[in-house]
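Position 1 is the first residue of the sequence, and the numbers go up from there. The figures that follow rest on heavy atoms only: side chains count, while hydrogens, waters and symmetry mates do not. Remember, it's 1-based here, ligands and their atoms both numbered in the order they're listed.
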Amino acid sequence: MLLEVNNLTVKYGEISALKGISLNVKEGELTTLIGANGAGKTTLLKTISGLLHPVSGNIIFNGKDITNTPTDAIVRLGISQCPEGRKVFPRQTIYENLKAGAFVRKDNEVEKDIENFFERFPRLKERRNQKSGSLSGGEQQMLVICRALMARPKLLLLDEPSMGLAPIVVSEVFDIIKELRDSGMTILLIEQNAKQALKIADTGYIIEVGNIVAGDTAAELLKSESVKKAYLGG
Ligand SMILES: Nc1ncnc2c1ncn2[C@@H]1O[C@H](COP(=O)(O)OP(=O)(O)OP(=O)(O)O)[C@@H](O)[C@H]1O
Ligand SMILES: [Mg+2]
(Lines give C-alpha, C1' and ligand atoms only; values in the text may rest on other atoms or scores of the structure.)
(Ligands and ions follow the chains in the order given, each with its own letter.)
Protein backbone atom coordinates (compact mmCIF):
# COMPACT_ATOMS: atom_id res chain seq x y z
CA MET A 1 0.00 0.00 0.00
CA LEU A 2 1.26 3.48 -0.80
CA LEU A 3 -1.00 5.07 1.83
CA GLU A 4 -2.54 3.49 4.92
CA VAL A 5 -4.91 5.37 7.17
CA ASN A 6 -5.47 3.48 10.42
CA ASN A 7 -8.21 4.16 13.00
CA LEU A 8 -7.97 7.90 12.48
CA THR A 9 -9.92 10.15 14.84
CA VAL A 10 -9.89 13.90 14.24
CA LYS A 11 -11.79 16.39 16.38
CA TYR A 12 -12.75 20.03 16.14
CA GLY A 13 -13.02 20.86 19.83
CA GLU A 14 -15.33 18.26 21.34
CA ILE A 15 -16.80 17.15 18.02
CA SER A 16 -15.32 14.18 16.18
CA ALA A 17 -15.27 14.83 12.43
CA LEU A 18 -13.53 11.47 11.80
CA LYS A 19 -14.45 8.61 14.13
CA GLY A 20 -11.66 6.06 13.85
CA ILE A 21 -11.61 5.58 10.07
CA SER A 22 -9.31 3.27 8.10
CA LEU A 23 -8.63 3.14 4.37
CA ASN A 24 -5.86 2.19 1.96
CA VAL A 25 -4.59 3.60 -1.32
CA LYS A 26 -2.74 1.13 -3.51
CA GLU A 27 0.15 2.27 -5.68
CA GLY A 28 -0.90 3.01 -9.27
CA GLU A 29 -4.61 2.99 -8.43
CA LEU A 30 -7.31 5.61 -8.42
CA THR A 31 -9.13 5.40 -5.10
CA THR A 32 -12.21 7.50 -4.52
CA LEU A 33 -13.86 8.59 -1.28
CA ILE A 34 -17.53 9.46 -1.69
CA GLY A 35 -19.62 11.32 0.85
CA ALA A 36 -22.21 14.04 1.38
CA ASN A 37 -21.60 17.58 2.68
CA GLY A 38 -20.05 17.53 6.13
CA ALA A 39 -19.16 13.82 6.05
CA GLY A 40 -15.51 14.52 6.88
CA LYS A 41 -13.85 14.26 3.44
CA THR A 42 -11.85 17.49 3.56
CA THR A 43 -10.93 16.80 7.18
CA LEU A 44 -9.32 13.53 6.04
CA LEU A 45 -7.34 15.20 3.24
CA LYS A 46 -6.17 17.99 5.53
CA THR A 47 -5.03 15.42 8.09
CA ILE A 48 -3.11 13.42 5.46
CA SER A 49 -1.45 16.69 4.33
CA GLY A 50 -0.49 17.57 7.90
CA LEU A 51 -2.75 20.62 8.17
CA LEU A 52 -4.80 18.96 10.93
CA HIS A 53 -3.59 16.58 13.62
CA PRO A 54 -5.45 13.46 14.74
CA VAL A 55 -6.19 12.69 18.38
CA SER A 56 -5.59 9.00 17.65
CA GLY A 57 -4.72 6.65 14.82
CA ASN A 58 -1.92 6.94 12.29
CA ILE A 59 -1.06 7.55 8.65
CA ILE A 60 1.60 5.46 6.91
CA PHE A 61 2.94 6.71 3.57
CA ASN A 62 5.39 4.65 1.55
CA GLY A 63 6.18 2.62 4.68
CA LYS A 64 6.84 5.68 6.87
CA ASP A 65 4.67 6.97 9.71
CA ILE A 66 3.84 10.57 8.69
CA THR A 67 1.33 11.28 11.47
CA ASN A 68 2.16 14.73 12.87
CA THR A 69 4.82 15.42 10.22
CA PRO A 70 4.90 19.10 9.12
CA THR A 71 3.11 19.91 5.86
CA ASP A 72 6.17 20.93 3.85
CA ALA A 73 7.95 17.72 4.84
CA ILE A 74 4.90 15.75 3.68
CA VAL A 75 5.05 17.49 0.28
CA ARG A 76 8.75 16.63 0.10
CA LEU A 77 7.94 12.98 0.81
CA GLY A 78 5.66 12.99 -2.24
CA ILE A 79 2.09 13.96 -1.34
CA SER A 80 0.50 16.87 -3.23
CA GLN A 81 -2.96 18.21 -2.54
CA CYS A 82 -5.42 20.05 -4.78
CA PRO A 83 -7.54 21.81 -2.19
CA GLU A 84 -11.30 22.26 -2.21
CA GLY A 85 -12.55 25.27 -4.15
CA ARG A 86 -9.75 25.49 -6.75
CA LYS A 87 -7.34 27.71 -4.88
CA VAL A 88 -5.19 29.21 -7.64
CA PHE A 89 -2.95 32.10 -6.63
CA PRO A 90 -5.21 34.59 -8.47
CA ARG A 91 -2.81 37.53 -8.72
CA GLN A 92 0.02 35.37 -10.02
CA THR A 93 0.27 34.42 -13.66
CA ILE A 94 -0.41 30.92 -14.88
CA TYR A 95 3.32 30.39 -15.36
CA GLU A 96 4.04 31.60 -11.80
CA ASN A 97 1.40 29.27 -10.36
CA LEU A 98 3.04 26.30 -12.07
CA LYS A 99 6.49 27.37 -10.95
CA ALA A 100 5.24 27.72 -7.35
CA GLY A 101 4.13 24.07 -7.43
CA ALA A 102 7.76 23.02 -7.88
CA PHE A 103 8.98 24.72 -4.69
CA VAL A 104 10.23 21.45 -3.22
CA ARG A 105 12.29 20.45 -6.26
CA LYS A 106 16.01 20.90 -6.73
CA ASP A 107 16.40 19.28 -10.16
CA ASN A 108 16.77 21.25 -13.39
CA GLU A 109 13.69 19.94 -15.23
CA VAL A 110 11.14 22.39 -13.83
CA GLU A 111 10.96 24.49 -17.03
CA LYS A 112 10.69 21.35 -19.12
CA ASP A 113 7.74 20.10 -17.03
CA ILE A 114 6.01 23.49 -17.34
CA GLU A 115 6.37 23.34 -21.14
CA ASN A 116 4.97 19.79 -21.14
CA PHE A 117 1.87 20.94 -19.24
CA PHE A 118 1.50 23.81 -21.72
CA GLU A 119 1.62 21.33 -24.62
CA ARG A 120 -1.08 19.24 -22.96
CA PHE A 121 -3.25 22.26 -22.07
CA PRO A 122 -2.99 24.82 -24.88
CA ARG A 123 -5.55 27.08 -23.20
CA LEU A 124 -3.13 27.55 -20.32
CA LYS A 125 -0.24 28.10 -22.71
CA GLU A 126 -2.02 30.85 -24.64
CA ARG A 127 -2.53 32.70 -21.38
CA ARG A 128 0.69 31.85 -19.60
CA ASN A 129 1.46 35.46 -18.64
CA GLN A 130 -2.07 36.38 -17.60
CA LYS A 131 -3.24 36.47 -13.98
CA SER A 132 -4.72 33.07 -13.14
CA GLY A 133 -7.75 34.67 -11.48
CA SER A 134 -8.96 35.50 -15.00
CA LEU A 135 -9.29 31.82 -15.99
CA SER A 136 -12.65 30.03 -16.15
CA GLY A 137 -13.51 27.57 -13.37
CA GLY A 138 -12.56 24.58 -15.51
CA GLU A 139 -9.27 26.15 -16.55
CA GLN A 140 -8.49 26.98 -12.92
CA GLN A 141 -9.11 23.35 -12.01
CA MET A 142 -6.67 22.18 -14.71
CA LEU A 143 -4.13 24.70 -13.42
CA VAL A 144 -4.50 23.56 -9.81
CA ILE A 145 -4.00 19.93 -10.86
CA CYS A 146 -0.94 20.82 -12.96
CA ARG A 147 0.44 22.94 -10.10
CA ALA A 148 0.13 19.97 -7.71
CA LEU A 149 1.82 17.71 -10.28
CA MET A 150 4.72 20.17 -10.59
CA ALA A 151 5.96 18.78 -7.24
CA ARG A 152 6.30 15.40 -9.03
CA PRO A 153 4.29 13.68 -6.29
CA LYS A 154 3.93 9.95 -5.66
CA LEU A 155 0.37 10.53 -4.44
CA LEU A 156 -2.09 13.16 -5.66
CA LEU A 157 -4.98 14.19 -3.39
CA LEU A 158 -7.95 15.82 -5.14
CA ASP A 159 -10.70 17.49 -3.07
CA GLU A 160 -13.94 17.69 -5.09
CA PRO A 161 -12.40 18.80 -8.40
CA SER A 162 -15.80 18.74 -10.15
CA MET A 163 -17.54 21.04 -7.68
CA GLY A 164 -19.38 23.98 -9.26
CA LEU A 165 -18.38 23.20 -12.86
CA ALA A 166 -20.73 22.89 -15.86
CA PRO A 167 -21.50 19.25 -16.77
CA ILE A 168 -19.37 19.28 -19.93
CA VAL A 169 -16.41 20.66 -17.99
CA VAL A 170 -16.98 18.07 -15.25
CA SER A 171 -16.60 15.31 -17.86
CA GLU A 172 -13.40 16.92 -19.10
CA VAL A 173 -11.98 17.03 -15.56
CA PHE A 174 -12.86 13.36 -14.97
CA ASP A 175 -11.23 12.45 -18.33
CA ILE A 176 -8.03 14.16 -17.23
CA ILE A 177 -8.04 12.36 -13.87
CA LYS A 178 -8.53 9.05 -15.69
CA GLU A 179 -5.69 9.91 -18.06
CA LEU A 180 -3.42 10.66 -15.09
CA ARG A 181 -4.25 7.35 -13.47
CA ASP A 182 -3.60 5.54 -16.76
CA SER A 183 -0.19 7.20 -16.90
CA GLY A 184 0.63 5.59 -13.52
CA MET A 185 -0.18 8.32 -10.99
CA THR A 186 -1.62 7.16 -7.66
CA ILE A 187 -4.66 9.26 -6.79
CA LEU A 188 -7.07 9.72 -3.89
CA LEU A 189 -10.12 11.48 -5.31
CA ILE A 190 -12.73 12.97 -3.02
CA GLU A 191 -16.10 13.49 -4.63
CA GLN A 192 -19.80 14.01 -4.14
CA ASN A 193 -20.28 13.14 -7.80
CA ALA A 194 -20.45 9.43 -6.96
CA LYS A 195 -21.38 8.02 -10.33
CA GLN A 196 -18.63 9.65 -12.37
CA ALA A 197 -16.00 9.11 -9.67
CA LEU A 198 -16.81 5.40 -9.28
CA LYS A 199 -16.82 4.94 -13.06
CA ILE A 200 -13.16 5.95 -13.36
CA ALA A 201 -11.93 4.59 -9.99
CA ASP A 202 -10.40 1.23 -9.11
CA THR A 203 -11.43 1.25 -5.45
CA GLY A 204 -14.05 3.23 -3.56
CA TYR A 205 -15.01 4.08 -0.01
CA ILE A 206 -18.18 5.67 1.29
CA ILE A 207 -17.98 8.03 4.28
CA GLU A 208 -20.99 9.07 6.35
CA VAL A 209 -20.67 11.50 9.27
CA GLY A 210 -17.13 10.50 10.15
CA ASN A 211 -17.42 6.75 9.56
CA ILE A 212 -16.44 4.62 6.55
CA VAL A 213 -19.61 2.62 5.85
CA ALA A 214 -18.46 0.77 2.70
CA GLY A 215 -15.22 -0.03 0.92
CA ASP A 216 -14.92 -2.21 -2.16
CA THR A 217 -13.89 -2.23 -5.80
CA ALA A 218 -15.51 0.67 -7.59
CA ALA A 219 -17.31 -1.80 -9.89
CA GLU A 220 -18.94 -3.55 -6.90
CA LEU A 221 -19.97 -0.26 -5.30
CA LEU A 222 -21.61 0.83 -8.57
CA LYS A 223 -23.71 -2.35 -8.45
CA SER A 224 -24.57 -2.20 -4.75
CA GLU A 225 -28.25 -1.51 -4.04
CA SER A 226 -27.63 0.63 -0.95
CA VAL A 227 -25.01 2.72 -2.76
CA LYS A 228 -27.31 3.12 -5.76
CA LYS A 229 -30.14 4.27 -3.52
CA ALA A 230 -28.14 6.75 -1.45
CA TYR A 231 -25.58 8.06 -3.93
CA LEU A 232 -26.47 7.20 -7.52
CA GLY A 233 -30.02 8.49 -7.72
CA GLY A 234 -31.79 5.11 -7.33
N1 LIG B 1 -12.77 24.41 11.33
C2 LIG B 1 -13.81 23.70 11.79
N3 LIG B 1 -14.29 23.89 13.03
C4 LIG B 1 -15.34 23.16 13.49
N5 LIG B 1 -15.98 22.21 12.79
C6 LIG B 1 -15.54 21.99 11.53
C7 LIG B 1 -14.44 22.71 10.96
N8 LIG B 1 -14.25 22.27 9.71
C9 LIG B 1 -15.17 21.32 9.49
N10 LIG B 1 -15.94 21.14 10.59
C11 LIG B 1 -17.04 20.17 10.73
O12 LIG B 1 -16.52 18.86 10.57
C13 LIG B 1 -17.41 18.06 9.80
C14 LIG B 1 -16.69 17.54 8.56
O15 LIG B 1 -16.36 18.64 7.71
P16 LIG B 1 -15.57 18.45 6.34
O17 LIG B 1 -15.25 19.80 5.84
O18 LIG B 1 -14.46 17.51 6.54
O19 LIG B 1 -16.68 17.76 5.44
P20 LIG B 1 -16.71 17.46 3.87
O21 LIG B 1 -17.06 16.02 3.75
O22 LIG B 1 -15.44 17.91 3.26
O23 LIG B 1 -17.93 18.34 3.37
P24 LIG B 1 -18.13 19.14 1.97
O25 LIG B 1 -18.55 18.11 0.97
O26 LIG B 1 -19.22 20.11 2.27
O27 LIG B 1 -16.84 19.79 1.60
C28 LIG B 1 -18.61 18.94 9.49
O29 LIG B 1 -19.59 18.68 10.46
C30 LIG B 1 -18.07 20.34 9.65
O31 LIG B 1 -19.08 21.24 10.04
MG1 LIG C 1 -15.02 19.25 1.83
Side-chain angles (χ1 to χ4, degrees), residues 3-25 30-59 61 66-71 74-75 79-88 137-138 140-145 147-148 153 155-167 169-170 173-174 177 187-201 203-216 218 221 226-233:
L3 181 78
E4 290 173 43
V5 171
N6 299 308
N7 303 313
L8 203 68
T9 295
V10 179
K11 291 187 174 184
Y12 296 105
E14 288 301 298
I15 297 166
S16 297
L18 298 178
K19 302 169 184 168
I21 70 163
S22 299
L23 62 83
N24 292 323
V25 177
L30 170 47
T31 301
T32 190
L33 176 71
I34 308 290
N37 288 121
K41 305 181 298 299
T42 298
T43 301
L44 174 64
L45 278 206
K46 284 186 172 169
T47 310
I48 296 171
S49 298
L51 296 165
L52 291 172
H53 300 292
V55 293
S56 59
N58 63 38
I59 302 168
F61 176 65
I66 60 161
T67 327
N68 300 316
T69 301
T71 297
I74 289 175
V75 178
I79 300 181
S80 272
Q81 186 184 168
C82 293
E84 195 172 50
R86 289 187 278 288
K87 298 207 170 49
V88 296
Q140 289 192 15
Q141 189 59 58
M142 309 301 172
L143 178 58
V144 168
I145 292 174
R147 189 181 65 196
L155 172 65
L156 180 66
L157 308 175
L158 298 170
D159 195 346
E160 298 202 47
S162 78
M163 189 170 56
L165 299 176
V169 185
V170 169
V173 168
F174 278 106
I177 296 167
I187 301 170
L188 177 57
L189 167 66
I190 288 196
E191 266 299 336
Q192 289 197 48
N193 196 330
K195 196 178 246 169
Q196 290 192 43
L198 287 171
K199 271 190 185 155
I200 60 168
T203 302
Y205 292 90
I206 311 280
I207 183 169
E208 286 178 1
V209 283
N211 290 300
I212 301 276
V213 295
D216 208 333
L221 289 176
S226 59
V227 172
K228 272 190 198 165
K229 224 167 134 193
Y231 296 95
L232 304 171

re atom 27 (O) of ligand 1, the protein heavy-atom contact at minimum distance is Glu84 OE2, 2.5 Å
If only atom types and distance count, is the side chain of Glu191 paired as donor or acceptor with the main-chain N or O of Ser162 below 3.5 Å? yes
From Leu33 CG over to Leu23 CG, what is the distance, rounded to the nearest 0.5 angstrom? 6.5 Å
Distance check, rounded to the nearest 0.5 Å: Thr32 atom OG1 versus Leu188 atom CG? 7.5 Å
Less than 2.8 Å away from the Mg ion (ligand 2), how many protein N/O/S atoms can be counted, ignoring water? 2
Side-chain contact, heavy-atom cut-off 4.5 Å: Pro161 with Leu189? yes
Which residue and heavy atom of the protein sit nearest atom 15 (O) of ligand 1, plus the separation: Thr43 OG1, 3.8 Å
Nitrogen or oxygen of Ala39 less than 3.5 angstrom from that of ligand 1: yes
Residue Ala17 vicinity, atoms of ligand 1 by number, heavy atom under 4.0 Å: 12 (O)
With distance as the sole test, does Tyr205 use its side chain to make a donor-acceptor pair with the main-chain N or O of Thr31 at under 3.5 Å? no
Heavy-atom side-chain contact between Thr43 and Tyr12 under 4.5 Å: yes
Run the contact test for Glu160 against ligand 1 with a 4.0 Å cut-off on heavy atoms, strictly below, and give the result. yes
Using modelled atom types only, decide if a donor and an acceptor are shared between the side chain of Lys41 and the backbone of Ala36 within a distance under 3.5 Å. yes
Please identify which atoms of ligand 1 are closer than 4.0 Å to at least one heavy atom of Gln192. 25 (O)
Has Lys19 got a side-chain atom pairing as donor or acceptor with Val209's backbone, closer than 3.5 angstrom? yes
What I want to know is whether Gly38 and ligand 1 share at least one N or O pair that is separated by under 3.5 angstrom. yes
Report yes or no: does a heavy atom of Gly40 sit under 4.0 Å from some atom of ligand 1? yes
Minimum-distance protein heavy atom relative to atom 12 (O) of ligand 1: Tyr12 CE1, 3.3 Å
I need the nearest protein heavy-atom contact for atom 17 (O) of ligand 1: residue, atom name and distance, please. Thr42 CB, 3.8 Å
If I take atom CG from residue Leu3 and atom CG from residue Asn24, how far apart are they, to the nearest 0.5 angstrom? 7.5 Å
Is Gly13 close enough to touch ligand 1? Criterion: a residue heavy atom under 4.0 Å from a ligand atom. no
Drop me the distance from Ile21's CD1 to Leu44's CG, to the nearest 0.5 angstrom. 4.5 Å
Which protein heavy atom lies closest to atom 26 (O) of ligand 1, and at what distance to 0.1 Å? Asn37 ND2, 2.8 Å
More than 12 heavy atoms of other residues, nucleotides or ligands under 6.0 Å from NZ of Lys195: is that the case? no
Heavy atoms only: which of Met163, Glu191, Glu208, Lys41 is nearest to atom 25 (O) of ligand 1? Lys41
Exam field: side chain Arg86 to backbone Leu143, donor-acceptor pair closer than 3.5 Å: no
Report yes if some heavy atom in the side chain of Pro83 is under 4.5 Å from a heavy atom in the side chain of Asp159; otherwise report no. no
As a test of the contact definition, would atom 7 (C) of ligand 1 count as having a protein heavy-atom neighbour under 4.0 Å? yes
